[in-house]
Amino acid sequence: MLEAREVSYRYRNHPWLLQHVNLQIHPGEVVGLYGKSGAGKTTLATILAGLKQPKQGFIQIDGHSYPMEGFHPVQLVWQLPEKVVNPKWRMKKILTEAGPLDSDLLAMLGINKTWLNRYPSELSGGELQRFCLARALGPKTKYLIADEMTTMLDAITQAQIWHTVLELVQQRNIGILAISHDSSLLERVCDRVINFDTLHSV
Amino acid sequence: MIGRTSFPMKVKKWNLRQRTLAVTILSFTLLAGMIGSGILIGPEKMGVDFLSKYLPPSFTHPFGTDWLGRDMLTRTLKGLTLSFSVGLLASTVSTFIALILSLLCSVNKKLDAVVTWFIDLFLSVPHIVILILISFAAGGGFKGVVIGLALTHWPSLTRLLRAEVLQLKNTDYVAVSKAFGKSRMWIARHHLLPHLVPQLIVGFILLFPHAILHEAAITFLGFGLSSEVPAIGIILSESMRYLATGMWWLAFFPGLALLVMVSIFDLLGRSIRKLIDPFHGQKL
Ligand SMILES: Nc1ncnc2c1ncn2[C@@H]1O[C@H](COP(=O)(O)OP(=O)(O)OP(=O)(O)O)[C@@H](O)[C@H]1O
Ligand SMILES: [Mg+2]
C-alpha cells in the first residue's frame, strides 16, 4: 500500500500549499484525483514519486519510508512530457534509460518502431507522452501516478491508452493515481474519485 | 548539384554556415602552417652568420636579421611553435580542471561553495601576479610556466561550465533519471557531459590566446622561460635593447606574429562555437 500521512509542503517563500494530506492507494486500485488548476496536484504527485521531500509528514510503501534506492516503485507520468526527456537523446536511448525495451508494451501503447530513431522535438506531444508512459511502466513499477496523462490526446486515443493501462494494471496489480481536471474521465476509469480539497484534513 | 539548385530557400542559410566553415578551415590551415613550418625548420637555418648582422627586412630575410645575423623569420616561427606547445599543455590541463571542478559543483551545496570560493579567489587577484607566484613556486623555467598557466586559466571556464551543470542538474529529466535508479556517475556521463562538449571544445581553444599571451608576458618580464629558449617573450625582451638604435624589425615582426596567431585562435574558437552550437543547446 502506498500511503501519504500528514504530508505538508510549501515552496520557499510561499504559503503552505499542501497541509496534512492523507491518502492511501492499494495495489491494483485506480484512484482518481481532481481539483482546480494551481491547487497543488502536480506538487503532490512529485512528492509521492519521491522527487520532492515533504516539509512535514511522510510517505510509505508497505511500511517502508522514503527515500528509496534504485528504480523507484512509484513512477510519475508528467503533465508536460517534453520537460522530462533529454532533448539531445534519441527516443531509443530515452526509453532504455529506464530499462530494456518491452516490444509488447510498445505495441500496446501504439508506439511506432520508426519513432525510436527520432529526437523528442520530432514527435508530437501525444506521441512523446506514450514514450513517457512506456518508460514509467517498467517491470519494477508498483504504483503509477498519471498527472494529466492524456490531456493532450484526442478522445479515441485517450480511450485506447487508458484501456491499455487498465489492462496492465490488472495483470501486474499496479496501483494508480489518476490526476485530471476532467472528472467525467476519472468517473469512467477509476474505482474511486477524490476531490483534492477534501484531502486537506485541516 | 541539381538537388541544391532546386532548393533556393536553403541557399542563404547554407551560405552563413559555409562562410563560418570556410573561416574555420582557413584559420586552422594558417595555424597548422605556422606551427608546422616552425617544427620543420632545421637547426642549420638557425645558425649565426656574422656577415649578415643587423639586416633590415628584405627578400632573403623578410623579418630582417638580429645582432648575431640570425634570420628573424626563423626565430619567430620557432618562437610561435614553442608558444603553441606551452599553450596546448596549459589549455588541456586547465580545461580538464574546469571540467572536474564544475562536475564537483553538482555533487552538493558544500562542494559547490568551496569551488565557487576558489573561483572568486583566483578571479579577484590580478592574474599575472598569481601566475608569477605559481611559476616561481613550481621551480620556474618551462615546467614552472606550464604549471603556472595550467593552474590559473581554469576559473572563468569553470564558472561557465558550473552554471551549465547546475542548470542541467535541476532539469526534470535528470530528476527522472534518478527515479530510474541511475547513479550520479551515470548521470554525469550521459546527461551532463554531452551537453558540455561544445563548451569544452570552444573553451579549450579560447584558452590558447590567454595562455600564449600570458606566457609571453611573464617571459618578457623575466619570470618565465629561460633566455636560451627561442620564445617570443625572450625575443621581445632582447630586442628592446636595440629599439633605441632604430632596429624596429627586431621587435615589430615577432610581436605582430604573436598577435596574429592569438587573433587566429580567437577567430577559430568563435567560428567553431558558431558551427557546433548555433542556437546554444539542441542536438549536436
Ligand atoms: N517551483 C515552484 N516554486 C514556487 N511555486 C510553485 C513552483 N511550482 C509550482 N508552484 C506553485 O504551486 C501551486 C501548485 O502548483 P501545481 O503545479 O502543483 O498545481 P496543479 O494542481 O498541478 O495545477 P494544474 O491543474 O494547473 O496542473 C501553483 O500556484 C504554482 O504556481
Ligand atoms: Mg499540474
Side-chain angles (χ1 to χ4, degrees), chain A residues 42-43 45-53 59 66-100 117-122 128 131-145 147, chain B residues 10 13 17 99 102-103 106-110 112-113 160-203 272-284:
Chain A
T42 299
T43 307
T46 49
I47 292 173
L48 288 174
L51 300 162
K52 276 194 183 83
Q53 263 102 54
I59 318 277
Y66 284 14
M68 303 262 164
E69 293 283 309
F71 192 97
H72 205 282
V74 181
Q75 287 290 325
L76 178 59
V77 179
W78 295 61
Q79 195 167 1
L80 299 169
E82 49 283 354
K83 282 176 73 181
V84 288
V85 293
N86 189 327
K88 287 192 178 180
W89 288 8
R90 290 181 195 276
M91 295 317 299
K92 186 164 187 185
K93 178 154 188 185
I94 290 172
L95 264 184
T96 48
E97 185 182 15
N117 278 322
R118 296 200 195 165
Y119 288 99
S121 59
E122 296 163 353
L128 200 56
F131 276 93
C132 291
L133 181 57
R135 208 162 61 145
L137 283 171
K140 290 189 192 141
T141 304
K142 299 234 169 56
Y143 296 90
L144 185 76
I145 300 172
D147 188 7
Chain B
K10 287 245 167 173
K13 203 171 147 197
R17 206 183 151 77
L99 175 64
S102 60
L103 288 177
S106 74
V107 175
N108 62 36
K109 287 225 165 71
K110 239 183 224 154
D112 182 38
L160 210 76
L161 294 176
R162 171 184 170 268
E164 198 91 345
V165 163
L166 292 188
Q167 193 215 326
L168 285 171
K169 186 199 159 191
N170 288 323
T171 57
D172 290 327
Y173 57 82
V174 168
V176 169
S177 192
K178 278 182 211 147
F180 290 145
K182 295 300 182 199
S183 68
R184 199 170 265 153
M185 280 307 284
W186 196 95
I187 290 174
R189 160 84 186 71
H190 290 87
H191 281 292
L192 307 187
L193 202 57
H195 271 267
L196 298 180
V197 165
Q199 301 266 26
L200 280 173
I201 295 174
V202 174
I272 291 183
R273 172 156 61 202
K274 269 193 237 160
L275 280 181
I276 61 181
D277 207 16
F279 308 109
H280 189 87
Q282 279 308 307
K283 53 193 181 277
L284 263 169

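Here is how names work: the chains are called A, B, and so on, in the same order as the sequence lines, proteins then strands, and each is numbered from 1.
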Q: Please find the pair of heavy atoms, one from B/A179 and one from A/L51, that lie closest to each other, and give the distance.
A: CB-CD2, 4.1 Å
Q: Looking at B/V176, B/V174, B/T171, which makes the most heavy-atom pairs under 4.5 Å with chain A?
A: B/V176
Q: What residues of residues 183-193 of chain B make heavy-atom contacts with chain A at a cutoff under 4.5 angstrom?
A: B/W186, B/H190, B/H191
Q: Tell me which pairs pass salt bridge (Lys or Arg N to Asp or Glu O under 4.0 Å) where either residue lies in residues 166-182 of chain B, with sequence neighbours left out.
A: A/K83-B/D172
Q: Under a 4.5 Å cut-off applied to non-hydrogen side-chain atoms, are B/H195 and A/N86 in contact?
A: yes
Q: Looking at A/K52, I want to see if its NZ is surrounded by more than 12 non-hydrogen atoms of other residues, nucleotides or ligands under 6.0 Å.
A: yes
Q: Mind listing the closest non-hydrogen atom pair of A/R135 and B/F180 along with its distance?
A: CG-CZ, 3.4 Å
Q: Under a 4.5 Å heavy-atom cut-off, does chain B meet the side chain of A/K140, its backbone, both or neither?
A: neither
Q: Does any heavy atom of chain B fall under 4.5 Å from the side chain of A/Q75, the backbone, both, or neither of them?
A: side chain
